[in-house]
Amino acid sequence: MRTIDWAGDAVELVDQTLLPGECAVIRVGTVDGLIDAIRRLAVRGAPALGVAGALGVALAAATEPDPAAAAARLRAARPTAVNLAWGVDEALKHLDEGFEAVLGRALEIRDADIAACHAMGERGADLVCELTGRDRPRIMTVCNTGGLAAVERGTALGVVQTLHERGRLAGAIALETRPLLQGARLTAWELGRMGAPYRLIVDSAGPFLLARGEADAVLIGADRIAANGDTANKIGSYALALGARRAGVPFVVVAPESTVDLATPSGDLVEIEDRDPEEVLGVRGVRLAPEGAAVLNPAFDVTPRDLITAIVTERRVIRPDRGETP
Ligand SMILES: CSC[C@H]1O[C@H](OP(=O)(O)O)[C@H](O)[C@@H]1O
């Protein structure tokens, strides 16, 4: 199953807002339709957003009177994951050559993601066993970083999948990931489909379970890796990094090279997406908080490089704990 792809004259994508109850593929034939899908997280996850951005420029080239203006709207749909802007920019480089050239670059980006996730899975699985000294490590993870966040296989959850396929996974612990529950809805669904042993926890239990020795490593994805190695990822990642450091547990970021943003010097300069307060005030239309409740809803946080043991990409392992930077 592919999370996102090009089909004839439209983008096809799994509408992740319907999971785990329904696995439905929708066709998106306009740039504004794709922007809506990105903003409501029908398609989400940094690598998948990179592919969406590139395919969106193909849609713009085919359907928009001013493709560059449409691409600019697409680029701004979500600010934190650098991959969206990167995918748009890569495809835009070919706009003057016409639709076929733009689509060709977008399909290259799609295929490169598939290959990159396989490579990260292998490299990450080797590294986790080395870092933990365990043949069958127990992995804690936040949000969703499986194939639903990419094209076919994922990043951090792709490493978990590789460990499982090798018979080298004792179990996974998935944080539910409030408020949109990517862990409870998507990661649990993907782990179930691969037949991997896992348990689901509330977000705030993560650091305590690390202190109690319930996991041998923490694996997370990334939405933007700054030039100094600071990493922006789903809200809750920083708390896990603090807990992992206190517990003496390796904290590993798994992300493709396209998530590294050398133009952003450090994590404090990463724009953090603040999302709709309604996401916190209730769940799926059921109001939980009292009327008038005020909300802070940052969708991401930043883990400083000194709390990161390693960054695994499709090409290399970077060790911020040894002073290495991307
Ligand atoms: C494979 S990276 C996925 C990355 O994106 C997620 O955010 P969202 O679900 O809001 O797109 C989360 O930060 C994951 O780590």
Side-chain angles (χ1 to χ4, degrees), residues 3-4 13-17 19 37-53 77-87 113-114 116-121 124 139-161 174-190 203 206 218-225 230-241 251-261 267 270-276 279-280 297-303 308 311-314:
T3 297
I4 183 170
L13 55 90
V14 174
D15 183 341
Q16 300 183 34
T17 64
L19 287 170
I38 290 170
R39 284 182 172 154
R40 64 187 181 86
L41 278 72
V43 58
R44 44 143 301 275
L49 291 177
V51 176
R78 293 188 74 194
T80 304
V82 66
N83 303 65
L84 176 57
W86 173 82
D113 179 74
I114 295 170
C117 287
H118 279 281
M120 285 184 278
I139 306 297
M140 182 177 288
T141 192
V142 61
C143 200
N144 174 254
T145 57
L148 289 171
V151 177
E152 285 183 354
R153 277 178 91 98
T155 58
L157 205 66
V159 173
V160 172
Q161 184 172 354
L175 275 68
E176 63 175 353
T177 316
R178 284 268 299 150
L180 296 181
L181 302 174
Q182 288 93 323
R185 294 187 302 110
L186 308 178
T187 298
W189 185 73
E190 289 192 300
D203 299 329
V218 175
L219 296 184
I220 69 165
D223 292 83
R224 193 182 295 250
I225 301 171
D230 294 348
T231 295
N233 195 57
K234 183 55 52 195
I235 192 78
S237 302
Y238 178 44
L240 284 189
F251 186 86
V252 179
V253 174
V254 185
E257 290 285 340
S258 54
T259 306
V260 175
D261 175 18
V270 175
E271 181 180 351
I272 300 299
E273 179 185 4
D274 284 300
R275 290 186 60 85
D276 185 347
E279 295 176 356
V280 177
N297 184 19
F300 301 96
D301 58 26
V302 175
T303 298
I308 298 172
I311 298 170
V312 178
T313 79
E314 66 274 29

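Just so it is clear, the model here is predicted, and its values are computed rather than measured. Hydrogens, waters and symmetry mates are skipped; everything else that's a heavy atom, side chains included, is used. We count ligands from 1, going down the list as the structure has it; atoms in each ligand are counted the same way. When a residue number appears, it is its place in the shown sequence, counting from 1.
Close contacts between ligand 1 and L41 involve ligand atoms 10 (O) [criterion: under 4.0 Å to a heavy atom]. The ligand atoms of ligand 1 that sit less than 4.0 angstrom from a heavy atom of G45 are 3 (C), 5 (O), 11 (O). For ligand 1, the atoms closer than 4.0 angstrom to any heavy atom of T155 are 1 (C). Counting atoms of ligand 1 from 1 in the listed order, those under 4.0 Å from a heavy atom of F300 are 7 (O), 10 (O), 13 (O). Per-residue contacts place Q182 under 4.0 angstrom from the following atoms of ligand 1 (heavy atoms of the residue considered): 8 (P), 9 (O), 10 (O). Near A46, meaning under 4.0 Å from one of its heavy atoms, ligand 1 places the atoms 2 (S), 3 (C), 5 (O). Applying the 4.0 Å criterion to heavy atoms of A149 picks out, from ligand 1, the atoms 1 (C), 3 (C).
Side-chain atoms of N144 and R185 include no donor-acceptor pair closer than 3.5 Å.
Counting heavy atoms under 4.0 Å from ligand 1, residue A255 does not touch it at all. The part of N144 lying near ligand 1 is the backbone, judged by heavy-atom distances below 4.0 Å.
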Given the rule in the salt bridge (Lys or Arg N to Asp or Glu O under 4.0 Å) test, do D15 and R40 qualify, once you have shown the distances and angles that lead to the verdict?
CA-CA 10 Å; D15 183 341; R40 64 187 181 86; 3.3 Å; yes

Does E257 form a side chain to side chain donor-acceptor pair (under 3.5 Å) with T313? I'd like the steps, not just the answer.
CA-CA 6 Å; E257 290 285 340; T313 79; 2.7 Å; yes

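At least one N or O atom of N233 sits closer than 3.5 Å to an N or O atom of ligand 1.
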